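Notes follow once the structure below has been shown.
These values consider heavy atoms only, across backbone and side chains, with no hydrogens, waters or symmetry-generated copies. Here is the naming used below: chain letters follow the sequence lines, and residue numbers restart at 1 for every chain. Source: prediction; values computed, not measured.
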Amino acid sequence: MEGWDPNTKSTLTQIPLLTTKAGPRDGAAWTQRLKEEYRALIAYTQMNKSKDNDWFRISAANPEGTRWTGKCWYVHNLLKYEFDLQFDIPVTYPATAPELELPELDGKTQKMYRGGKICLTVHFKPLWAKNCPRFGIAHALCLGLAPWLAAEIPILVDSGMIKHKDDATSSNES
Amino acid sequence: MATVKKSFHNACKKGNEFRLGGAQELESTAVLQVFLDSEFRHKKPNFGSCGGGAERARMEVELKEMLDDLQSLRQSLSDPSLHASIDKLQSRVDHLTHLAKSVPVRRTKVKDMSAEVVDSNPYSRLMALQRMGIVENYERIREFSVAIVVCICLLLPIYLSKKAFASTLGIGGVGSVAAEMLTRCGIGRILLYDYDKVELANMNRLFFRPEQVGMTKTDAAVQTLSDINPDVVLESYTLNITTVQGFETFMSSLKNKTFCPSKEGSGVELVLSCVDNYEARMVVNQACNELNQTWMESEAQLSRLMPVCEIARLFILIQNLNVLGLKHFQSVSEDAVSGHIQLLIPGETACFACAPPLVVASGVDERTLKREGVCAASLPTTMGVVAGLLVQNTLKFLLKFGHVSPYLGYSSLKDYFPTMAMKPNPQCSNAACLERQKEYILAKPARDAAEKAKMEAEAAAVAADVPLHDDNEWNISVLDDSEMESTGATSSDALPDGLTRELPSADEFQKPPTSGATDNAIDDLEELRRQLEALNAD
Ligand SMILES: [Zn+2]
């Protein structure tokens with residue numbers, strides 16, 4: 001895994017892997033999977049906080065745990081850019097990865113499908129396929145969303161496609 | 001109308017002979033000639049040509065312009081002896097304009113398909129297939145239902161840089177073209193699934209009309225299709241089949257048998273997947289495996305290039321993927337200008353999850369492809385070819401004629417059409433697929449008996465066809481009679497030339513012994529939820 005930035009590498013190895021291969025239509029097995037998802041998300045969030053690299057909030061938006069909503073943010077030039085994050089657990093999960101959506105950025109970048117689904121085709125989906133069913137939501141965030149934000153947000157900011165919410169005060173902060 | 005065309009043609013010829021019209025007039029008459037050829041030949045209330053109000057308005061505009069052109073032609077003619085024939089033409093165009101206003105917008109429904117060759121019979125050419133002995137009973141097509149899934153999530157051309165294929169990009173291409181073809185064939189019923197609204201960017205598809213902007217795509221399609229052929233029963237579903245709720249609606253709509261209550265199995269003969277993404281294909285696969293529903297897969301793409309040039313970081317990431325052992329498909333996922341169709345019969349052929357999806361290689365060096373600003377693209381021509389192949393295979397399957405291709409690839413740059421057949425993988429990750437495979441094996445004696453009877457009946461016939469699966473060379477696990485070979489992971493090496501895997505197989509993975517007792521982790525869902533919320537709170 002040479003070439004990975006060492007942070008991602010060590011983070012990835014510390015997120016607990018999942019074992020239950022179950023999707024939202026699988027009843028009790030899905031509940032089991034959901035517990036594993038929570039354990040991985042808790043571990044990942046704790047790890048991020050301990051490394052002072054907290055960058056998202058996510059929670060289930062329904063009792064079945066099939067829809068998730070939250071926030072993610074990225075710091076560029078000392079400014080924090082925050083976006084709504086949402087996704088559904090597809091019926092074919094975990095054979096297919098969740099399609100992470102940043103609805104506020106819909107239409108602002110080419111690296112996105114309709115509805116603000118970020119483009120994961122090249123950098124993430126093969127990894128997901130190879131590691132099914134061991135990867136879960138936490139891995140999708142770590143290996144899918146985080147590098148996407150790192151690659152895209154600076155471009156979007158520099159090209160003026162997105163502005164800091166507090167543009168007026170930004171000069172004071174920086 | 002034929003007279004008008006003829007006399008106008010003569011007038012053009014005359015104009016030419018006397019060299020009286022300037023270049024401009026000649027050009028405009030040529031345009032008019034094309035117009036006459038294309039429009040008037042079909043202008044009777046004929047099948048497929050009776051569009052809605054938009055088409056009629058266009059025709060009126062054209063007729064008005066034709067009058068103007070005739071006027072200027074008359075003025076430029078020095079020979080007054082020709083004025084009379086021009087005047088005659090003008091009065092005919094006037095008459096046409098009047099007629100155009102009274103042409104019924106839609107033809108009425110046809111009760112029975114007739115083979116009679118008259119202009120008013122929309123089905124005469126199709127029924128000719130039956131007269132020629134190619135199809136045994138064409139009219140059966142009216143009993144058939146086909147579900148077309150068109151969940152498209154690709155980028156819109158709006159987002160693309162001006163250079164990169166922007167003018168040729170389309171979305172929903174294969175699905176809408178296939179739906180139109182089946183409608184023209186007089187299929188009994190079409191169920192359409194999509195989750196989009198018509199946007200201005202869709203206009204290059206021709207299928208949608210400007211006044212349909214804002215409608216759901218399936219509703220707009222139903223409108224257009226019922227104008228083309230009111231005999232077809234059309235159902236429109238706007239939903240996202242990958243969500244739990246959308247999937248349930250999808251399943252129950254496929255199961256609904258009110259159209260043809262006597263039909264066995266589900267309510268449709270065939271599901272056509274015209275989606276553009278892996279996730280939606282896997283969902284169609286799931287539904288069809290569960291319902292034991294035969295379906296066809298289609299893909300038409302120009303490329304799925306990531307615009308990597310300007311994102312160095314992603315580049316680094318991609319190299320990392322190579323390090324992780326994913327090198328073999330890296331170039332594949334950036335493949336281009338290709339398409340394929342595939343027949344999937346649960347239990348009998350490989351399902352979409354039996355092995356990672358195949359990609360037809362473009363046959364050109366990927367590095368020579370420009371990739372700025374492109375995430376994915378598709379040519380309307382590629383879409384048209386794939387839609388044509390898909391519907392042809394559909395008709396052959398439904399009406400039982402010719403050879404129904406199990407897999408047909410299309411590489412447009414080389415005009416290369418690889419074919420193959422795929423047996424199901426006994427280790428498929430899809431549980432419903434495994435169930436169907438079991439059923440298929442159990443039904444083998446009955447199938448053999450039927451086959452034997454058929455063979456004996458055809459014994460007199462010469463030259464038996466080549467067995468369907470003879471060309472299956474790839475080493476996806478073979479399942480034959482009682483022996484169960486499990487060849488495990490599939491390698492792309494054994495695939496026919498020009499075909500490669502789009503995604504890697506899942507790694508072999510041993511489930512750790514689930515003793516539970518060794519696990520001192522929290523096992524209460526509510527407690528876990530609370531923990532995450534607590535972390536989220538600060
Ligand atoms: Zn399968």
Side-chain angles (χ1 to χ4, degrees), chain A residues 1-5 16 19 21 24-25 31 34-35 37-39 41-42 45-46 49 57-60 64-67 70 88-92 95-97 99 107-115 117 119 121-134 147-148 150-152 155, chain B residues 152-156 158-161 196 240-244 247 277-279 282-283 285-286 304 306-308 310-311 313-314 316-321 323-324 326 329 333-334 353 356 373-375 429-430 503-507 509 511-512 514 521-523 525 528-529 531-533 535-536:
Chain A
M1 278 176 65
E2 90 193 68
W4 275 99
D5 79 274
T19 56
K21 185 177 177 297
R25 293 167 68 244
T31 309
L34 208 49
K35 290 177 197 169
E37 296 282 0
Y38 272 110
R39 284 188 206 115
L41 276 169
I42 289 166
T45 311
Q46 281 170 338
K49 286 181 182 239
R57 292 282 175 271
I58 195 77
S59 28
E64 302 81 28
T66 58
R67 174 141 188 96
D88 286 292
I89 301 293
V91 283
T92 42
T96 57
E99 297 182 276
K108 296 194 169 171
T109 162
Q110 299 151 6
K111 270 76 76 182
M112 198 166 247
Y113 297 118
R114 300 175 61 75
K117 292 173 181 170
C119 183
T121 311
V122 172
H123 76 278
F124 175 65
K125 296 223 172 134
L127 268 182
W128 181 276
K130 201 169 159 61
N131 288 284
C132 173
R134 288 164 294 182
W148 191 93
E152 289 309 309
I155 294 172
Chain B
I152 299 293
C153 68
L154 278 194
L155 289 174
L156 292 173
I158 286 172
Y159 304 155
L160 298 171
S161 79
D196 269 333
N240 179 355
I241 57 165
T242 68
T243 65
V244 176
F247 185 77
N277 59 98
Y278 176 73
E279 287 72 22
M282 287 289 276
V283 171
N285 185 63
Q286 180 70 35
R304 48 182 60 213
M306 271 291 284
V308 276
E310 82 275 33
I311 358 172
R313 282 194 224 207
L314 266 187
I316 294 164
L317 206 73
I318 285 163
Q319 280 154 13
N320 290 334
L321 295 184
V323 172
L324 289 171
L326 303 173
F329 66 86
S333 64
E334 296 179 7
V374 188
C375 195
S429 61
N430 187 293
L503 288 168
S505 304
D507 283 345
F509 140 72
K511 214 171 170 177
T514 47
I522 306 156
D523 197 44
L525 191 60
L528 287 162
R529 209 187 302 255
Q531 274 199 16
L532 182 63
E533 285 315 311
L535 280 167
N536 282 346

Problem set entry | chain B interface, residue from A/Thr31, A/Ile42, A/Thr66, A/Ile58 that has the most non-hydrogen pairs under 4.5 Å | A/Ile42
For this session: Select one option (side chain, backbone, both, neither) describing which atoms of A/Ser59 are under 4.5 Å from chain B's heavy atoms.
Result: both
Exercise. With a 4.5 angstrom heavy-atom cut-off, which part of A/Arg57 approaches chain B: side chain, backbone, both or neither?
Worked result: both
Problem set entry | A/Arg39 side chain reached by B/Asp523 side chain, heavy atoms, under 4.5 Å | yes
Exercise. Are B/Met282 and A/Pro90 close enough that some pair of their side-chain heavy atoms sits under 4.5 Å apart?
Worked result: no
Problem set entry | A/Lys21 side chain to B/Ser429 backbone, donor-acceptor under 3.5 Å | yes
Exercise. Where do B/Asn240 and A/Glu99 land on the side chain to side chain contact (heavy atoms under 4.5 Å, CB included) test, with the steps shown first?
Worked result: CA-CA 12 Å; B/Asn240 179 355; A/Glu99 297 182 276; 5.9 Å; no
For this session: Show your reasoning for whether side chain to side chain contact (heavy atoms under 4.5 Å, CB included) applies to A/Arg25 and B/Gln286.
Result: CA-CA 11 Å; A/Arg25 293 167 68 244; B/Gln286 180 70 35; 3.9 Å; yes
For this session: Decide yes or no on side chain to side chain contact (heavy atoms under 4.5 Å, CB included) for B/Thr242 and A/Asp88, but give the supporting numbers first.
Result: CA-CA 8 Å; B/Thr242 68; A/Asp88 286 292; 6.0 Å; no
Problem set entry | Ionic contact status for A/Glu37 with B/Arg529, cut-off 4.0 Å | no
Exercise. Which answer fits B/Asn285, side chain, backbone, both or neither, if we ask what part of it has an atom under 4.5 Å from a heavy atom of chain A?
Worked result: neither
Nearest heavy atoms of [X] and [Y], plus distance in Å:
| X | Y | value |
| --- | --- | --- |
| A/Val91 | B/Ile241 | CG2-O, 4.0 Å |
| A/Ile89 | B/Val244 | O-CG2, 4.4 Å |
| B/Leu525 | A/Lys35 | CD1-CG, 3.8 Å |

Problem set entry | Interatomic distance, A/Thr45 atom OG1 to B/Asn536 atom CG [nearest 0.5 angstrom] | 6.0 Å
Exercise. Just checking, any donor-acceptor pair under 3.5 angstrom between side chains of A/Thr92 and B/Glu279?
Worked result: no
